[in-house]
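Here the structure comes first, spelled out in structure tokens, and everything after it is commentary.
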Number of protein chains: 2
Amino acid sequence: MKFVIIGGDAAGMSAASRAKRHMPEMDVIVLEKTEDVSYSACGMPFNIADSARDIDDLVVRTADVFRKKQGIDLLTGCCAEAIDVKNGSVSGTIDNGDSFRFFYDRLLIATGGRPIIPDLPGFDLPGVVALKSLADGRRIKNQITADKVKKTVIIGMGYVGLEMAEALRARGLSVEMVKPGPDLLPWMPRELARAVERELDVNQVELHLGCEIKKIDPTADHLSLVCNDRTLNADMIVVAVGIEPNSRLAADAGIETGVGNAIAVNPNLQTSDKRVYAAGDCADAYHVVTGQKAWIPLALRANRAGWAVADNVCGKSTQLEGVAGTAVFKVFDLEVARSGLSLAESRRYGFDPVGVTIQTRSRAHAHPGSETIWVHMIGDRRSGKLLGAQMVGREGVAHRINAIAVALHNRMTVAGFSQADLAYAPPFGPVWDPLLTAANQLVKKLD
Amino acid sequence: MKFVIIGGDAAGMSAASRAKRHMPEMDVIVLEKTEDVSYSACGMPFNIADSARDIDDLVVRTADVFRKKQGIDLLTGCCAEAIDVKNGSVSGTIDNGDSFRFFYDRLLIATGGRPIIPDLPGFDLPGVVALKSLADGRRIKNQITADKVKKTVIIGMGYVGLEMAEALRARGLSVEMVKPGPDLLPWMPRELARAVERELDVNQVELHLGCEIKKIDPTADHLSLVCNDRTLNADMIVVAVGIEPNSRLAADAGIETGVGNAIAVNPNLQTSDKRVYAAGDCADAYHVVTGQKAWIPLALRANRAGWAVADNVCGKSTQLEGVAGTAVFKVFDLEVARSGLSLAESRRYGFDPVGVTIQTRSRAHAHPGSETIWVHMIGDRRSGKLLGAQMVGREGVAHRINAIAVALHNRMTVAGFSQADLAYAPPFGPVWDPLLTAANQLVKKLD
């Protein structure tokens, strides 16, 4: 059995390692176009924040470990360019100029995603950076260390943009953020978003909302980001407007793509061609709340899907449950978390959503060190089901959201969730956990 | 409608307030034997830890607020002594020596629990204290403040004993702990318990395990705790060997008691007499994992049960789901949490339990500030169901356990739980959440 994997990051290497563990005799070939495999991409902003840390700290396992200890044919510098599903082969170019063609019994496409770069003038100038590969991270760190950067602008205010804002402030740089839309974090209610805005303000990150971006101009020793109503100067411009799936290779081979142009997979992670699997940021998933396809590229799913592909390839049928869209990120000293649908998403999927927003405390009555926690919780009026929740606070947010994720996997009603026996001790929360207080109020509104 | 409530703490006052909100015209009479109502009993150790805080900080609402703002007939200093279920009345003594008798249409027994005091010589000496009422807390603080205490001994190593150990060390006192059993926290595996032991050791709390306690002797200016093999001197001895339900009043009235001598209630919180409800630490509950009765006295359940009684009394039929036995406590800088059954409890209830213990990190690969997290997770070999989990760590434990609690409410299998879409960001955990790593390993063992 020959198992070929395109892409040597989270999904690809998880699949390769697990397949080799299951069946050591299996021929497992990984084609990776860069030289870096198995690194913590999500850790890059935090690494950039710290001048003392080497970017290579983020490498979890080197290519040599995969090759020598695990017996995986890991071929770096190999860019796959075409899949021939009829004959079962992948062909492409090695970075020394040679070409390759590998036949497969089973193929995994784990090509990941890539940062969206607006198709506008100047986005290819030196000093305009995006954060995807370890090489990107290295380049950004080198520029900062070389003392070439004082002023930065971040385009986009998603979680990568926000994490980069914290990282660049930690390096003593000035940070401005800009986006065309009118709202910071539009998927959460304004009360929660305002808490994040205040945190950015306190940390001297200036926000420019509602700015249509026209182009980037080079100046004598700067870059100029030209918007409809203002021009921002910077030594470095970070583009963080989102990612898109690397699905062209699959689409060109006639493999079906769907939501967000991601590769469509069934619960077994099979594509429209049953010998070809897809996993990671290039593939879609079922959403546990909507039951429909969703494209929510996150690291846990990539790892989990890689494992499931290996199981299936090795003959252990494994179906993945859907995703709940659980995410957490840090904005300076704030924790921001979500799981499930937002109010707008709930409407879009045909629910009759009702939301409540509460403000409570992170510790018990009179316990010192207590901080504000905001919870937004959404339920469906027709079914009484929980649809999602969002939280913001200085402590007690990041892991609390997991209770919501598990509730969504179980299609709980809000009333059912409100009866959950959650933990209580004065240093960790009020008797009524913030999530229960929100659920109690939402039950009343749904009545 | 006349609704009489015996006991003015969490369950009793929750029921009284909610009944008045539902039906302002209802006659709600609360009989409380002390002068203190609605205070955070769980907050006492943390308050004792801080000389600058007044013990009355723990009062959430004063009797006057309940009386004047909410219109509750709150009678403090009224000790209920007999219930006449046939005629529907409660009689007792007021602390001025008068007696009372109130007729009820519905009665709530919310008499709580009381610390177990071993029936051994010397446990009634001054300086031997237990932690139940606000008056107990006040007495302990006064003794410490009066500088009469240097050496303390705590009998019992449950969460109240452990929280008191931290509190007394924070006040600069020497602390020794003693118990007859051979193990600290016998419901968790030794690997987790050892982490707690090390934390106590680092904080100079000396443990005496396996000591049979004989008596307390008064000495010239000390107390002497005499055990079978050693004698410990102290200025203050804290008795924290557990609590028992105050169910005698109910039992004397012919109301059924059950597990742990707690008052037996159905999911509507009704006792064996349909006009009489019980809630809080004096009442039992169904356990969501065993489906059988359990007595797990905790604050959230008391508040929730109080509300449910009020709903039922006011004609809104409300059934409570069971408890999962979720608990969390702090031992100096460690967070210790559990939900569901321990391995021994699982066996006792007829399951075929399989446990795994893992050690992982609180933050992502290479993220600074990472700490060890231990997880013990238990599943049932026959059904594949999750039975419980326990965690210990310096961060990321207290709220993570809630995901387990919600899973237990939903009777999830370990395999089902292992697919949960939990939150990930480098500052808050590894890609595979500690609970998922444990579940993944347990799935393999259950296979």
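We name chains A, B, ... by the order of the sequence lines, and we start the count at 1 in each one.
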Let me confirm one number: the CG-CD distance from Leu300(A) to Gln419(B), rounded to the nearest 0.5 Å.
10.5 Å
Interchain contact, [X] with chain A, by part (heavy-atom threshold 4.5 Å):
X: Leu436(B); answer: side chain
X: Tyr159(B); answer: neither
X: Ala364(B); answer: neither
X: Asn440(B); answer: side chain

Please rank [options] by heavy-atom pairs under 4.5 Å with chain B and give me the top one.
options: Ala10(A), Gly396(A), Ala405(A); result: Gly396(A)
options: Arg338(A), Glu163(A), Glu335(A); result: Glu335(A)
options: Thr326(A), Asp57(A), Leu435(A), Leu320(A); result: Thr326(A)
options: Ala308(A), Ser418(A), Cys42(A), Ala425(A); result: Cys42(A)
options: Glu321(A), Arg53(A), His365(A), Lys330(A); result: His365(A)
options: Asn410(A), Leu58(A), Val60(A), Val431(A); result: Asn410(A)

Under 4.5 Å from any heavy atom of chain B, what part of [X] do you find: side chain, backbone, both or neither?
X: Ala398(A); result: both
X: Ala337(A); result: neither
X: Asp54(A); result: neither
X: Phe329(A); result: backbone

Between Ile401(B), Val59(B), Val397(B), Asn47(B), which shows the greatest number of heavy-atom pairs under 4.5 Å with chain A?
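Looking at each option in turn, the highest pair count goes to Val59(B).
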Show me the pairs that pass side chain to side chain donor-acceptor pair (under 3.5 Å) and involve residues 387-407 of chain A, at least two apart or across chains.
Glu199(A)-Arg394(A), Ser362(A)-Glu395(A), Arg363(A)-Glu395(A), His399(A)-Arg400(B), Arg400(A)-Asp433(A), Arg400(A)-His399(B)
Is Asp421(A) close to Leu298(B) at the side-chain level, that is, under 4.5 Å between some pair of heavy atoms?
no
Determine, step by step, whether Val406(A) and Phe417(B) satisfy the side chain to side chain contact (heavy atoms under 4.5 Å, CB included) criterion, reporting the C-alpha distance in whole Å, the side-chain angles of both residues, the deciding distance to 0.1 Å, and the verdict.
CA-CA 8 Å; Val406(A) 176; Phe417(B) 181 78; 3.9 Å; yes
Taking the six-membered ring for Trp, are Trp307(A) and Trp432(B) parallel (under 30°), tilted (30 to 60°) or perpendicular (over 60°)?
parallel
